[in-house]
Trainee: 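Below is a structure I'd like to ask you about.
Ligands are counted one by one from 1 in listed order, and the atoms in each one are counted from 1 as well.
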Amino acid sequence: MAIPVTLSYMDSEGRQHFSPGVSAAKGGVLDIIDQTLLPREQKRLKLETPEAVYEAIKQLRVRGAPAIGCSAAIGLAVCAQRFESSSPQEHLQKIEACAAYLDSSRPTAVNLSWALKRCAAAVTGKDIAEMNQQLLDEALRITSEDIELCRAIGKAGAALLKPGMGVLTHCNAGALATAGMGTALAPIYAAMESGFKVKVYSDETRPLLQGARLTAWELAVSGVDVTTICDSMAAQVMREGKVGIVIVGADRVAANGDTANKIGTYQLAIAAKYHKIPFYVALPFSTIDRTIADGSQIPIEQRNGDEITHCKGAKVYNPAFDVTPRELITGFITERGILTEI
Ligand code: MRU
C-alpha cells in the first residue's frame, strides 16, 4: 500500500493537481486526507469555504508546517473562486479578510502566514477572473516547490545516515506533514531509494499521537523498519545504544536557530546531548522566521485541555510546541544542504 496524497487542488472533474497550469475558471476544491482518522480510516475531505478550511487546520485534519501552508494557500484560492464580489476592489478585500482568518487558525507554524502572504501578494490583476487565476497559480507553485524542497532535504540528509543506523524521530514530519516526501523523514526515504535501510524509532508523541498514528503508519506502509516508543522511553532507548541520530522537523526557527517543534522535542534534544547523539532539525527555508530574534518570541499554541484530561477537577496545561535552544542542535538539514548557520 502506498501513502495517500496528503493534499491537492481537485478540479471540478475530480482530478488532483500539485503544480500550476490549471484553469481557476472551472472551479475546484481543497482535497485533503483527514489525518484525525488515520490510520484506522482513509477518508478524504473536499473543502471550499473559509470555515471548513479553518476548521480542518485548527482540528489537525491537515497538519505539519508545510502541509498547513500549502492547504491554506489552496484553500484561499478555492474560497476566492466562490466569493460573490461586485468589483475587483471588493474581491481583493474579501481575499485579504479570508487570508487573515485562515492565518488565525494556528499560531506556531510560520509556513501558514508565509504561504498566505505569498498568495495575497501575487494578486495584482485588474479583474476578478485574473485575480483568481493568480491565487491558484501561486498556491500550486507553493505546493510544487514544497515537493521539490522535500526531495532536496532528503538528498542532503541521507548523507548523514548509514545502513542499519537507529534514527529517532518525534511527531510526524513525513509525507503526511508536507506536499512531498516530508522533511525529517525525507532522508530515510532517500536512503531507501539509494539502496539502504535504517531502523527508525518513532516517539508516540502525546497527546495527539502523531508519531504512533502517522509516522509509524506512513513508514510501515513504505517498507521502513519502524518501532513505536512512548515519549518517556526515548532516553532509555538512547542509553541502550539503539539511536545513532535524532532527526526532527520544525514549525518555526528563529533568526538565532532556536527551533519550535512538537512538544517533547526539547527534552529529546537534552537527552541526545547527554548521550552524545547528533540532533538534527530538517526544514525548508520557509520555516525560518527572521523577524524573530530568538525562540522566546515564538508564539506557542495552547490547545484544549480535553486533549489530555482523564479526571474532572484536575487542571490541564497543554502547550502544543516547545522551543529547543540552538546550542542543543547539531545542524539543520535544508534544501541548501546541511548547515550549522542558517
Ligand atoms: O501539531 P502538528 O501535528 O501540526 O505538529 C507538527 C510538527 O510539530 C512537525 O514536526 C512540524 O510541523 C514539521 S512538519 C514537516
Trainee: Given Arg252, which partner from the list Asp258, Thr259, Asn261, Asp289 fulfils the side-chain hydrogen bond (donor to acceptor under 3.5 Å, both in side chains) test?
Mentor: Asp289

Trainee: Would you mind checking which non-hydrogen protein atom is closest to atom 15 (C) of ligand 1, with the distance to 0.1 Å?
Mentor: Thr183 OG1, 3.1 Å

Trainee: Atom 7 (C) of ligand 1: which protein heavy atom is closest, and how many Å away?
Mentor: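 Looking only at protein heavy atoms, the one closest to atom 7 (C) of ligand 1 is Asp251 OD1, 3.3 Å.
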
Trainee: Geometry only, no angles: is Phe321 polar-contacting ligand 1 at N/O separations under 3.5 Å?
Mentor: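 Between Phe321 and ligand 1, no N or O pair is found under 3.5 Å apart.
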
Trainee: Which of the atoms of ligand 1 are close to Leu60, meaning less than 4.0 Å from one of its heavy atoms?
Mentor: 1 (O)

Trainee: For ligand 1, which atoms have a heavy atom of Ala65 less than 4.0 angstrom away?
Mentor: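 Numbered from 1, ligand 1 contributes 12 (O), 14 (S).
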
Trainee: Return the option from Arg252, Gln35, Arg106 holding the heavy atom at the smallest distance from atom 2 (P) of ligand 1.
Mentor: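 The option holding the nearest heavy atom is Arg106.
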
Trainee: Salt-bridge test for Glu90 and Lys94: reply yes if a basic N is under 4.0 Å from a carboxylate O, no otherwise.
Mentor: yes

Trainee: Note the single closest protein heavy atom to atom 9 (C) of ligand 1, along with its residue, its atom name and the distance in Å.
Mentor: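 For atom 9 (C) of ligand 1, the nearest protein heavy atom is Asn261 OD1, 3.4 Å.
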
Trainee: Among all protein heavy atoms, pick out the one at the shortest distance from atom 14 (S) of ligand 1; state its residue, atom name and that distance to 0.1 Å.
Mentor: Ala177 CB, 3.5 Å

Trainee: Tell me every residue that passes salt bridge (Lys or Arg N to Asp or Glu O under 4.0 Å) with Arg15, counting only those two or more places apart in sequence or in another chain.
Mentor: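 Per chain and number, Arg15 pairs via salt bridge (Lys or Arg N to Asp or Glu O under 4.0 Å) with Asp11, Glu13.
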
Trainee: Would you mind running through ligand 1 and noting each atom that sits below 4.0 Å from a heavy atom of Pro66?
Mentor: 14 (S), 15 (C)

Trainee: How far apart are the closest heavy atoms of Ala282 and Ile247, and which atoms are they?
Mentor: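 Taking Ala282 first and Ile247 second, the nearest heavy atoms are CB-CG2, 4.1 Å.
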
Trainee: List ligand 1 atoms under 4.0 Å from Ala173, heavy atoms only on the residue side.
Mentor: 14 (S), 15 (C)

Trainee: Which atoms of ligand 1 sit under 4.0 Å from any heavy atom of Gln210?
Mentor: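 Going through ligand 1 atom by atom, the ones under 4.0 Å from Gln210 are 1 (O), 2 (P), 3 (O).
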
Trainee: Within the structure, is a non-hydrogen atom of Ala109 found at a distance of less than 4.0 Å from ligand 1?
Mentor: no

Trainee: Residue-level breakdown please: for Leu283 versus ligand 1, do any non-hydrogen atoms fall below 4.0 Å on the side chain, on the backbone, on both, or on neither?
Mentor: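 Neither; nothing of Leu283 gets under 4.0 Å from ligand 1.
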
Trainee: Centre of Phe279's six-membered ring, under 6.0 Å away, within 45 degrees of the axis: is that where NZ or CZ of Lys273 sits?
Mentor: no

Trainee: Quick one: does Arg82's side chain get under 4.5 Å of Thr49's, heavy atoms only?
Mentor: no

Trainee: Select the closest option to atom 1 (O) of ligand 1 among His170, Lys262, Arg63, judged by heavy-atom distance.
Mentor: Lys262

Trainee: Hey, would you say the Tyr101 and Tyr54 ring centroids sit under 6.0 Å apart?
Mentor: yes

Trainee: Heavy atoms, side chains only, cut-off 4.5 Å: are Ile147 and Phe18 in contact?
Mentor: yes

Trainee: Tell me, yes or no, whether the heavy-atom count around Arg303 atom CZ, taken from other residues, nucleotides or ligands under 6.0 Å, exceeds 12.
Mentor: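 Counting other residues, nucleotides and ligands, CZ of Arg303 exceeds 12 neighbours.
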
Trainee: Should Ala250 be listed as contacting ligand 1, given a heavy-atom distance under 4.0 Å as the test?
Mentor: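 Contact present.
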
Trainee: Nearest 0.5 Å, please: how far is SG in Cys70 from CG in Asp146?
Mentor: 4.0 Å

